[in-house]
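Residue numbers begin at 1 in each chain, while the letters A, B, ... track the order of the sequences. What you are looking at is a predicted structure, and each value in this text was computed from that prediction instead of being measured.
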Protein chains: 2
Amino acid sequence: MDVLALRYERSTRRLRLGLHRRTVGPFAGELALPGVLLRRGERIRDAAARALAKIDVRSDAAGQLVTFDEPNRDPRGPTLSIATWAVTTDSGSATWQRFDELPDLAFDHRRIVADCRPRLAGMLWRDSDFTRRLTGDEFLATDALALQAELTGATPDRGNLNRTLAALPGLTRTDRLASTGRGRPGTVWAWTP
Amino acid sequence: MDVLALRYERSTRRLRLGLHRRTVGPFAGELALPGVLLRRGERIRDAAARALAKIDVRSDAAGQLVTFDEPNRDPRGPTLSIATWAVTTDSGSATWQRFDELPDLAFDHRRIVADCRPRLAGMLWRDSDFTRRLTGDEFLATDALALQAELTGATPDRGNLNRTLAALPGLTRTDRLASTGRGRPGTVWAWTP
DNA sequence: ACAAAAGTGTTAAAATTACACCCATGG
DNA sequence: CCATGGGTGTAATTTTAACACTTTTGT
(Lines give C-alpha, C1' and ligand atoms only; values in the text may rest on other atoms or scores of the structure.)
Protein backbone atom coordinates (compact mmCIF):
# COMPACT_ATOMS: atom_id res chain seq x y z
CA MET A 1 0.00 0.00 0.00
CA ASP A 2 1.58 3.23 -1.12
CA VAL A 3 0.14 6.67 -0.66
CA LEU A 4 0.44 9.65 -2.94
CA ALA A 5 0.16 12.33 -0.28
CA LEU A 6 -0.66 15.66 -1.84
CA ARG A 7 -0.25 19.07 -0.33
CA TYR A 8 -1.06 22.34 -2.02
CA GLU A 9 1.24 25.08 -0.85
CA ARG A 10 -0.79 28.24 -1.15
CA SER A 11 2.11 30.65 -0.70
CA THR A 12 4.12 29.27 -3.60
CA ARG A 13 1.15 27.88 -5.54
CA ARG A 14 2.85 24.53 -5.87
CA LEU A 15 1.38 21.09 -5.50
CA ARG A 16 3.74 18.75 -3.73
CA LEU A 17 4.02 15.05 -3.15
CA GLY A 18 5.07 13.86 0.31
CA LEU A 19 8.14 11.62 0.24
CA HIS A 20 9.75 9.67 2.98
CA ARG A 21 13.42 8.82 3.38
CA ARG A 22 13.81 5.14 4.05
CA THR A 23 15.90 4.18 7.02
CA VAL A 24 15.78 0.42 6.79
CA GLY A 25 15.45 -2.44 4.38
CA PRO A 26 16.01 -2.24 0.68
CA PHE A 27 16.62 1.21 -0.75
CA ALA A 28 17.68 2.53 2.68
CA GLY A 29 18.56 6.20 2.41
CA GLU A 30 16.46 6.73 -0.68
CA LEU A 31 13.21 8.60 -1.00
CA ALA A 32 10.00 6.67 -1.41
CA LEU A 33 6.26 7.07 -1.28
CA PRO A 34 5.07 6.41 2.25
CA GLY A 35 3.79 2.86 2.29
CA VAL A 36 2.99 -0.01 4.58
CA LEU A 37 2.18 -3.65 4.16
CA LEU A 38 -1.52 -4.16 4.34
CA ARG A 39 -2.46 -6.08 7.46
CA ARG A 40 -4.86 -8.92 7.15
CA GLY A 41 -8.34 -7.48 7.33
CA GLU A 42 -7.21 -3.91 7.43
CA ARG A 43 -9.13 -1.33 5.50
CA ILE A 44 -7.29 0.54 2.80
CA ARG A 45 -8.15 3.80 4.50
CA ASP A 46 -6.60 2.68 7.79
CA ALA A 47 -3.47 1.39 6.12
CA ALA A 48 -3.14 4.73 4.36
CA ALA A 49 -3.36 6.48 7.71
CA ARG A 50 -0.57 4.27 9.03
CA ALA A 51 1.56 5.07 6.01
CA LEU A 52 0.95 8.77 6.48
CA ALA A 53 2.04 8.47 10.10
CA LYS A 54 5.48 7.65 8.70
CA ILE A 55 5.75 11.23 7.54
CA ASP A 56 3.91 12.61 10.59
CA VAL A 57 0.92 13.69 8.60
CA ARG A 58 -2.75 13.34 9.33
CA SER A 59 -5.41 12.90 6.71
CA ASP A 60 -8.87 11.55 7.25
CA ALA A 61 -9.55 10.47 3.75
CA ALA A 62 -8.00 8.63 0.91
CA GLY A 63 -9.15 7.04 -2.27
CA GLN A 64 -7.79 4.17 -4.20
CA LEU A 65 -6.10 4.63 -7.54
CA VAL A 66 -4.79 1.33 -8.94
CA THR A 67 -3.23 -1.88 -7.84
CA PHE A 68 0.23 -2.86 -9.03
CA ASP A 69 1.15 -6.48 -9.00
CA GLU A 70 4.48 -6.84 -10.79
CA PRO A 71 6.29 -9.54 -8.87
CA ASN A 72 9.71 -7.87 -9.09
CA ARG A 73 8.75 -4.53 -7.69
CA ASP A 74 10.09 -5.35 -4.23
CA PRO A 75 13.42 -7.17 -3.89
CA ARG A 76 12.18 -8.71 -0.63
CA GLY A 77 9.67 -10.70 -2.58
CA PRO A 78 6.55 -10.20 -4.59
CA THR A 79 3.97 -7.90 -3.04
CA LEU A 80 0.91 -6.15 -4.20
CA SER A 81 0.78 -2.41 -4.01
CA ILE A 82 -2.51 -0.62 -3.87
CA ALA A 83 -1.83 2.99 -4.80
CA THR A 84 -4.01 5.50 -3.00
CA TRP A 85 -4.24 9.25 -2.76
CA ALA A 86 -4.54 11.48 0.27
CA VAL A 87 -4.60 15.21 0.72
CA THR A 88 -3.16 16.96 3.71
CA THR A 89 -2.33 20.39 5.00
CA ASP A 90 0.31 19.27 7.48
CA SER A 91 3.88 19.27 6.31
CA GLY A 92 4.92 16.66 8.86
CA SER A 93 8.40 15.26 8.45
CA ALA A 94 8.13 14.58 4.75
CA THR A 95 10.21 15.83 1.87
CA TRP A 96 7.78 17.61 -0.37
CA GLN A 97 8.48 17.59 -4.10
CA ARG A 98 6.66 18.80 -7.15
CA PHE A 99 5.64 16.26 -9.77
CA ASP A 100 7.90 17.98 -12.27
CA GLU A 101 10.91 17.87 -10.00
CA LEU A 102 10.70 14.35 -8.70
CA PRO A 103 14.00 12.83 -7.62
CA ASP A 104 14.76 9.16 -8.09
CA LEU A 105 12.57 7.04 -5.90
CA ALA A 106 12.87 3.63 -4.31
CA PHE A 107 11.20 0.51 -5.70
CA ASP A 108 9.05 1.20 -8.73
CA HIS A 109 7.66 4.32 -7.17
CA ARG A 110 8.52 6.54 -10.11
CA ARG A 111 6.45 4.27 -12.29
CA ILE A 112 3.64 4.37 -9.79
CA VAL A 113 3.68 8.15 -9.70
CA ALA A 114 3.88 8.36 -13.48
CA ASP A 115 0.91 6.05 -13.79
CA CYS A 116 -1.15 7.79 -11.13
CA ARG A 117 -0.52 11.40 -12.06
CA PRO A 118 -2.89 11.43 -15.04
CA ARG A 119 -5.49 9.66 -12.94
CA LEU A 120 -5.27 12.38 -10.33
CA ALA A 121 -5.42 15.01 -13.04
CA GLY A 122 -8.58 13.39 -14.34
CA MET A 123 -10.15 13.52 -10.90
CA LEU A 124 -9.65 17.26 -10.56
CA TRP A 125 -12.99 19.12 -10.94
CA ARG A 126 -14.75 15.80 -11.48
CA ASP A 127 -14.32 14.19 -8.07
CA SER A 128 -15.63 16.83 -5.73
CA ASP A 129 -14.22 15.23 -2.58
CA PHE A 130 -10.74 15.14 -4.03
CA THR A 131 -11.05 18.60 -5.51
CA ARG A 132 -12.38 20.20 -2.41
CA ARG A 133 -9.65 18.81 -0.24
CA LEU A 134 -7.05 20.17 -2.61
CA THR A 135 -8.51 23.63 -2.91
CA GLY A 136 -9.64 24.03 0.68
CA ASP A 137 -12.93 25.70 1.54
CA GLU A 138 -12.00 28.91 -0.20
CA PHE A 139 -9.62 29.63 -3.01
CA LEU A 140 -8.85 31.85 -5.96
CA ALA A 141 -9.11 30.98 -9.61
CA THR A 142 -5.35 31.31 -9.72
CA ASP A 143 -5.05 28.50 -7.21
CA ALA A 144 -7.31 26.42 -9.39
CA LEU A 145 -5.12 27.26 -12.34
CA ALA A 146 -1.98 26.32 -10.45
CA LEU A 147 -3.47 23.04 -9.26
CA GLN A 148 -4.41 21.97 -12.73
CA ALA A 149 -1.07 23.10 -14.12
CA GLU A 150 0.83 21.16 -11.49
CA LEU A 151 -1.21 18.02 -12.01
CA THR A 152 -1.36 17.98 -15.78
CA GLY A 153 1.92 19.71 -16.56
CA ALA A 154 0.26 22.34 -18.74
CA THR A 155 -1.41 25.60 -17.76
CA PRO A 156 -5.04 25.65 -18.81
CA ASP A 157 -6.83 28.63 -20.26
CA ARG A 158 -7.92 31.05 -17.53
CA GLY A 159 -11.23 31.90 -19.11
CA ASN A 160 -12.23 28.33 -19.71
CA LEU A 161 -11.24 27.37 -16.21
CA ASN A 162 -13.39 30.18 -14.79
CA ARG A 163 -16.35 28.75 -16.62
CA THR A 164 -15.52 25.26 -15.41
CA LEU A 165 -15.57 26.55 -11.85
CA ALA A 166 -18.83 28.41 -12.39
CA ALA A 167 -20.45 25.17 -13.55
CA LEU A 168 -19.27 23.08 -10.61
CA PRO A 169 -22.09 22.07 -8.27
CA GLY A 170 -21.46 23.10 -4.69
CA LEU A 171 -19.10 25.86 -5.65
CA THR A 172 -20.04 29.53 -5.75
CA ARG A 173 -18.12 32.69 -6.39
CA THR A 174 -18.35 35.13 -3.54
CA ASP A 175 -18.30 38.89 -3.92
CA ARG A 176 -15.10 39.12 -1.97
CA LEU A 177 -11.77 39.88 -3.55
CA ALA A 178 -8.28 38.91 -2.51
CA SER A 179 -5.19 40.76 -3.54
CA THR A 180 -1.93 38.95 -3.93
CA GLY A 181 0.30 41.99 -4.32
CA ARG A 182 0.51 43.36 -7.78
CA GLY A 183 -2.14 43.03 -10.41
CA ARG A 184 -5.89 42.86 -10.23
CA PRO A 185 -7.22 41.06 -7.16
CA GLY A 186 -8.99 37.78 -7.72
CA THR A 187 -12.48 36.69 -6.78
CA VAL A 188 -12.83 34.27 -3.92
CA TRP A 189 -14.54 30.98 -4.71
CA ALA A 190 -16.15 29.07 -1.87
CA TRP A 191 -17.61 25.61 -1.43
CA THR A 192 -21.14 25.72 -0.10
CA PRO A 193 -21.94 23.05 2.49
CA MET B 1 -10.01 -11.85 -6.04
CA ASP B 2 -13.27 -12.16 -7.93
CA VAL B 3 -13.66 -12.45 -11.66
CA LEU B 4 -16.41 -11.09 -13.83
CA ALA B 5 -16.20 -13.70 -16.57
CA LEU B 6 -17.96 -12.50 -19.69
CA ARG B 7 -19.16 -14.55 -22.59
CA TYR B 8 -20.95 -13.24 -25.65
CA GLU B 9 -23.38 -15.76 -26.98
CA ARG B 10 -23.57 -15.06 -30.69
CA SER B 11 -26.60 -17.20 -31.38
CA THR B 12 -28.84 -15.41 -28.90
CA ARG B 13 -26.95 -12.11 -28.95
CA ARG B 14 -26.74 -12.09 -25.18
CA LEU B 15 -23.83 -11.16 -22.98
CA ARG B 16 -23.57 -13.45 -19.99
CA LEU B 17 -21.71 -13.47 -16.71
CA GLY B 18 -20.21 -16.75 -15.53
CA LEU B 19 -21.42 -17.78 -12.08
CA HIS B 20 -20.34 -20.60 -9.90
CA ARG B 21 -22.41 -22.53 -7.39
CA ARG B 22 -20.60 -22.71 -4.10
CA THR B 23 -20.21 -26.13 -2.56
CA VAL B 24 -18.43 -25.24 0.66
CA GLY B 25 -18.03 -22.52 3.21
CA PRO B 26 -20.37 -19.65 3.73
CA PHE B 27 -23.13 -19.26 1.20
CA ALA B 28 -22.84 -22.94 0.21
CA GLY B 29 -25.36 -23.70 -2.50
CA GLU B 30 -25.59 -20.14 -3.66
CA LEU B 31 -24.30 -18.62 -6.83
CA ALA B 32 -21.21 -16.43 -6.72
CA LEU B 33 -18.61 -14.86 -8.92
CA PRO B 34 -15.70 -17.24 -9.31
CA GLY B 35 -13.04 -16.11 -6.88
CA VAL B 36 -9.98 -17.25 -5.04
CA LEU B 37 -7.86 -15.92 -2.24
CA LEU B 38 -4.81 -14.24 -3.65
CA ARG B 39 -1.69 -16.18 -2.75
CA ARG B 40 1.27 -14.32 -1.46
CA GLY B 41 3.24 -13.09 -4.45
CA GLU B 42 0.75 -14.29 -6.98
CA ARG B 43 -0.02 -12.10 -9.95
CA ILE B 44 -3.58 -10.94 -10.37
CA ARG B 45 -3.68 -12.53 -13.79
CA ASP B 46 -2.69 -15.93 -12.42
CA ALA B 47 -5.17 -15.75 -9.59
CA ALA B 48 -7.86 -14.92 -12.12
CA ALA B 49 -6.91 -18.00 -14.11
CA ARG B 50 -7.26 -20.11 -10.97
CA ALA B 51 -10.65 -18.62 -10.30
CA LEU B 52 -11.76 -19.35 -13.85
CA ALA B 53 -10.66 -22.94 -13.42
CA LYS B 54 -13.45 -23.23 -10.87
CA ILE B 55 -15.93 -22.91 -13.70
CA ASP B 56 -13.76 -24.92 -16.13
CA VAL B 57 -13.06 -21.98 -18.32
CA ARG B 58 -9.83 -20.83 -19.91
CA SER B 59 -8.96 -17.23 -20.57
CA ASP B 60 -5.51 -15.84 -21.17
CA ALA B 61 -6.23 -12.30 -20.19
CA ALA B 62 -7.87 -10.28 -17.52
CA GLY B 63 -7.81 -6.73 -16.38
CA GLN B 64 -8.38 -5.24 -13.01
CA LEU B 65 -11.46 -3.21 -12.23
CA VAL B 66 -11.53 -2.07 -8.59
CA THR B 67 -10.61 -3.25 -5.16
CA PHE B 68 -13.26 -3.70 -2.50
CA ASP B 69 -12.20 -3.57 1.10
CA GLU B 70 -15.33 -3.53 3.21
CA PRO B 71 -14.46 -5.60 6.26
CA ASN B 72 -17.84 -7.30 6.52
CA ARG B 73 -18.06 -8.58 3.00
CA ASP B 74 -16.94 -12.07 4.01
CA PRO B 75 -18.34 -13.67 7.20
CA ARG B 76 -15.11 -15.66 7.58
CA GLY B 77 -13.26 -12.47 8.26
CA PRO B 78 -12.21 -9.32 6.51
CA THR B 79 -10.69 -9.83 3.09
CA LEU B 80 -9.86 -7.65 0.18
CA SER B 81 -11.43 -8.37 -3.14
CA ILE B 82 -9.80 -7.23 -6.32
CA ALA B 83 -12.47 -7.34 -9.00
CA THR B 84 -11.20 -8.27 -12.44
CA TRP B 85 -12.71 -8.97 -15.80
CA ALA B 86 -12.09 -11.82 -18.21
CA VAL B 87 -13.61 -12.78 -21.53
CA THR B 88 -14.04 -16.34 -22.65
CA THR B 89 -15.67 -18.41 -25.34
CA ASP B 90 -15.83 -21.63 -23.31
CA SER B 91 -19.00 -22.29 -21.44
CA GLY B 92 -17.28 -24.54 -18.93
CA SER B 93 -19.35 -25.61 -15.98
CA ALA B 94 -20.64 -22.15 -15.13
CA THR B 95 -24.15 -20.86 -14.87
CA TRP B 96 -24.33 -18.04 -17.36
CA GLN B 97 -26.65 -15.16 -16.61
CA ARG B 98 -27.39 -11.84 -18.23
CA PHE B 99 -26.70 -8.67 -16.26
CA ASP B 100 -30.38 -7.84 -16.37
CA GLU B 101 -31.44 -11.21 -15.02
CA LEU B 102 -28.96 -11.67 -12.23
CA PRO B 103 -30.13 -13.93 -9.42
CA ASP B 104 -29.15 -13.30 -5.81
CA LEU B 105 -25.46 -13.83 -5.29
CA ALA B 106 -23.28 -14.80 -2.37
CA PHE B 107 -21.25 -12.30 -0.34
CA ASP B 108 -21.47 -8.75 -1.67
CA HIS B 109 -21.20 -9.97 -5.22
CA ARG B 110 -24.31 -8.19 -6.38
CA ARG B 111 -22.78 -4.96 -5.22
CA ILE B 112 -19.55 -5.80 -6.97
CA VAL B 113 -21.34 -6.52 -10.22
CA ALA B 114 -23.44 -3.37 -9.90
CA ASP B 115 -20.31 -1.33 -9.33
CA CYS B 116 -18.34 -2.93 -12.13
CA ARG B 117 -20.99 -3.03 -14.85
CA PRO B 118 -20.70 0.67 -15.72
CA ARG B 119 -16.94 0.36 -15.70
CA LEU B 120 -17.13 -2.44 -18.21
CA ALA B 121 -19.61 -0.44 -20.26
CA GLY B 122 -17.15 2.43 -20.30
CA MET B 123 -14.39 0.16 -21.55
CA LEU B 124 -16.39 -0.98 -24.56
CA TRP B 125 -15.04 0.62 -27.78
CA ARG B 126 -12.41 2.44 -25.71
CA ASP B 127 -10.28 -0.45 -24.50
CA SER B 128 -9.46 -2.29 -27.69
CA ASP B 129 -8.18 -5.42 -25.94
CA PHE B 130 -11.38 -5.79 -23.98
CA THR B 131 -13.55 -4.91 -26.96
CA ARG B 132 -11.84 -7.25 -29.33
CA ARG B 133 -12.12 -10.19 -27.01
CA LEU B 134 -15.83 -9.57 -26.65
CA THR B 135 -16.56 -9.19 -30.33
CA GLY B 136 -14.21 -11.84 -31.61
CA ASP B 137 -12.19 -11.31 -34.79
CA GLU B 138 -15.26 -10.77 -36.91
CA PHE B 139 -18.70 -9.54 -36.04
CA LEU B 140 -21.75 -7.71 -37.28
CA ALA B 141 -22.91 -4.27 -36.25
CA THR B 142 -25.86 -5.98 -34.66
CA ASP B 143 -23.52 -7.86 -32.37
CA ALA B 144 -21.94 -4.57 -31.44
CA LEU B 145 -25.36 -3.16 -30.76
CA ALA B 146 -26.29 -6.13 -28.62
CA LEU B 147 -23.05 -5.94 -26.64
CA GLN B 148 -23.53 -2.31 -25.81
CA ALA B 149 -27.18 -2.85 -24.99
CA GLU B 150 -26.37 -5.72 -22.66
CA LEU B 151 -23.62 -3.81 -20.90
CA THR B 152 -25.32 -0.45 -20.54
CA GLY B 153 -28.92 -1.59 -20.33
CA ALA B 154 -30.03 0.67 -23.17
CA THR B 155 -29.91 0.09 -26.92
CA PRO B 156 -27.79 2.71 -28.66
CA ASP B 157 -28.61 4.33 -31.98
CA ARG B 158 -27.67 2.07 -34.86
CA GLY B 159 -26.38 4.83 -37.10
CA ASN B 160 -24.24 6.39 -34.44
CA LEU B 161 -22.80 3.04 -33.48
CA ASN B 162 -21.89 2.37 -37.11
CA ARG B 163 -19.90 5.57 -37.13
CA THR B 164 -18.27 4.69 -33.84
CA LEU B 165 -17.14 1.42 -35.35
CA ALA B 166 -15.88 3.12 -38.49
CA ALA B 167 -13.70 5.40 -36.38
CA LEU B 168 -12.15 2.62 -34.32
CA PRO B 169 -8.47 2.07 -35.10
CA GLY B 170 -7.70 -1.51 -36.05
CA LEU B 171 -11.23 -2.22 -37.17
CA THR B 172 -12.34 -2.26 -40.80
CA ARG B 173 -15.55 -3.11 -42.53
CA THR B 174 -15.18 -5.88 -45.04
CA ASP B 175 -17.18 -6.16 -48.22
CA ARG B 176 -18.71 -9.38 -47.05
CA LEU B 177 -22.28 -9.68 -45.93
CA ALA B 178 -23.88 -12.07 -43.49
CA SER B 179 -27.53 -12.93 -43.47
CA THR B 180 -29.24 -13.79 -40.23
CA GLY B 181 -32.48 -15.02 -41.71
CA ARG B 182 -34.97 -12.35 -42.46
CA GLY B 183 -34.17 -8.77 -43.21
CA ARG B 184 -31.24 -7.14 -44.92
CA PRO B 185 -27.93 -8.90 -44.34
CA GLY B 186 -25.36 -7.06 -42.28
CA THR B 187 -21.82 -6.06 -43.15
CA VAL B 188 -19.01 -7.99 -41.53
CA TRP B 189 -16.56 -5.98 -39.46
CA ALA B 190 -13.08 -7.39 -38.91
CA TRP B 191 -10.15 -6.52 -36.69
CA THR B 192 -6.96 -6.09 -38.66
CA PRO B 193 -3.84 -7.58 -37.03
C1' DA C 1 0.93 55.59 -17.75
C1' DC C 2 2.33 51.00 -17.77
C1' DA C 3 3.00 46.28 -16.57
C1' DA C 4 0.99 42.53 -14.15
C1' DA C 5 -2.84 39.85 -12.91
C1' DA C 6 -7.80 38.71 -13.40
C1' DG C 7 -11.90 38.40 -15.91
C1' DT C 8 -15.37 38.53 -20.09
C1' DG C 9 -16.75 37.67 -24.89
C1' DT C 10 -16.69 35.41 -29.15
C1' DT C 11 -15.83 31.86 -32.22
C1' DA C 12 -14.05 27.50 -34.04
C1' DA C 13 -13.73 22.69 -33.78
C1' DA C 14 -15.11 18.30 -32.10
C1' DA C 15 -17.94 15.00 -29.95
C1' DT C 16 -22.78 13.39 -28.60
C1' DT C 17 -27.42 12.73 -29.63
C1' DA C 18 -31.57 12.44 -32.08
C1' DC C 19 -34.27 11.32 -35.80
C1' DA C 20 -35.87 10.92 -40.58
C1' DC C 21 -35.18 8.43 -44.52
C1' DC C 22 -33.44 4.80 -47.90
C1' DC C 23 -31.82 -0.19 -49.07
C1' DA C 24 -31.89 -5.36 -49.20
C1' DT C 25 -33.81 -9.71 -48.09
C1' DG C 26 -37.52 -13.43 -47.07
C1' DG C 27 -42.14 -14.69 -47.22
C1' DC D 1 -45.43 -5.75 -51.80
C1' DC D 2 -44.72 -5.53 -47.19
C1' DA D 3 -42.66 -6.55 -42.79
C1' DT D 4 -38.10 -6.92 -40.93
C1' DG D 5 -33.59 -5.88 -40.23
C1' DG D 6 -29.50 -2.99 -41.90
C1' DG D 7 -27.51 1.34 -43.38
C1' DT D 8 -26.91 6.49 -44.70
C1' DG D 9 -27.78 11.51 -44.19
C1' DT D 10 -28.63 15.54 -41.75
C1' DA D 11 -29.23 18.54 -38.11
C1' DA D 12 -29.41 20.08 -33.18
C1' DT D 13 -26.97 20.14 -28.98
C1' DT D 14 -23.25 20.08 -26.00
C1' DT D 15 -18.34 20.01 -24.85
C1' DT D 16 -13.74 21.37 -25.50
C1' DA D 17 -10.55 24.47 -26.98
C1' DA D 18 -8.53 28.80 -28.61
C1' DC D 19 -7.77 33.45 -28.61
C1' DA D 20 -8.79 38.42 -28.50
C1' DC D 21 -10.08 41.95 -25.60
C1' DT D 22 -11.32 44.52 -21.27
C1' DT D 23 -10.92 45.56 -16.26
C1' DT D 24 -8.46 46.38 -11.90
C1' DT D 25 -4.62 46.92 -9.13
C1' DG D 26 0.46 48.44 -7.69
C1' DT D 27 4.44 51.07 -8.91
Could you list all N or O pairs between the protein and nucleotides 3-5 of chain C that sit under 3.5 Å apart?
none

### Task
Quick one, give me the B/S/- string for nucleotides 11-17 of chain C, reading 5' to 3', where B means a protein heavy atom under 4.0 Å from the base and S means that only happens at the primed atoms, P, OP1 or OP2.
------B

### Task
Looking only at non-hydrogen atoms, find the nearest pair between A:Leu6 and A:Trp96 and report the distance.
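Reported closest heavy-atom pair: C-CZ3, 4.2 Å.
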
[X] atom [atom1]: more than 12 heavy-atom contacts under 6.0 Å:
X       : atom1 : answer
B:Arg76 : CZ    : yes
B:Arg10 : CZ    : yes
A:Arg98 : CZ    : yes

### Any residue meeting salt bridge (charged side-chain N to carboxylate O under 4.0 Å, His left out) with A:Arg184, in chain and number order, not counting sequence neighbours
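Once residues adjacent in sequence are excluded, A:Arg184 has no partner under the salt bridge (charged side-chain N to carboxylate O under 4.0 Å, His left out) criterion.
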
### Task
For B:Arg73, check salt bridge (charged side-chain N to carboxylate O under 4.0 Å, His left out) against everything at least two apart and list the hits.
B:Asp2, B:Asp108

### Query
Looking at residues 165-179 of chain B, who's got a heavy atom less than 4.0 Å off DNA chain C?
none

Apply the side chain to side chain contact (heavy atoms under 4.5 Å, CB included) test between [X] and each candidate in [options]; give the one that qualifies.
X        : options                    : value
B:Pro103 : B:Glu30, B:Gln97, B:Arg110 : B:Gln97
A:Cys116 : A:Leu17, A:Thr84, A:Val66  : A:Val66
A:Leu33  : A:Val113, A:Val3, A:Ile55  : A:Val113

### Message
Would the distance check show the side chain of A:Arg173 and the main-chain N or O of A:Trp189 forming a donor-acceptor pair, the cut-off being under 3.5 Å?
### Response
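Not a single qualifying donor-acceptor pair exists.
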
### Task
Give the first and the last nucleotide of DNA chain D, reading 5' to 3', that has any atom under 4.0 Å from a heavy atom of chain A.
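Endpoints of the contacted stretch of DNA chain D: D:dA17 to D:dG26.
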
### Message
Can a side-chain donor-acceptor contact be found between A:Trp125 and A:Gln148 if the only test is distance below 3.5 angstrom?
### Response
yes

#### Entry: Sugar-phosphate only, base, or nothing, as touched by B:Gly186 at under 4.0 Å among non-hydrogen atoms
sugar-phosphate

### Whether A:Phe130 and A:Trp85 hold their rings parallel, tilted or perpendicular, with breakpoints at 30° and 60°
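Aromatic pair A:Phe130/A:Trp85 classed perpendicular.
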
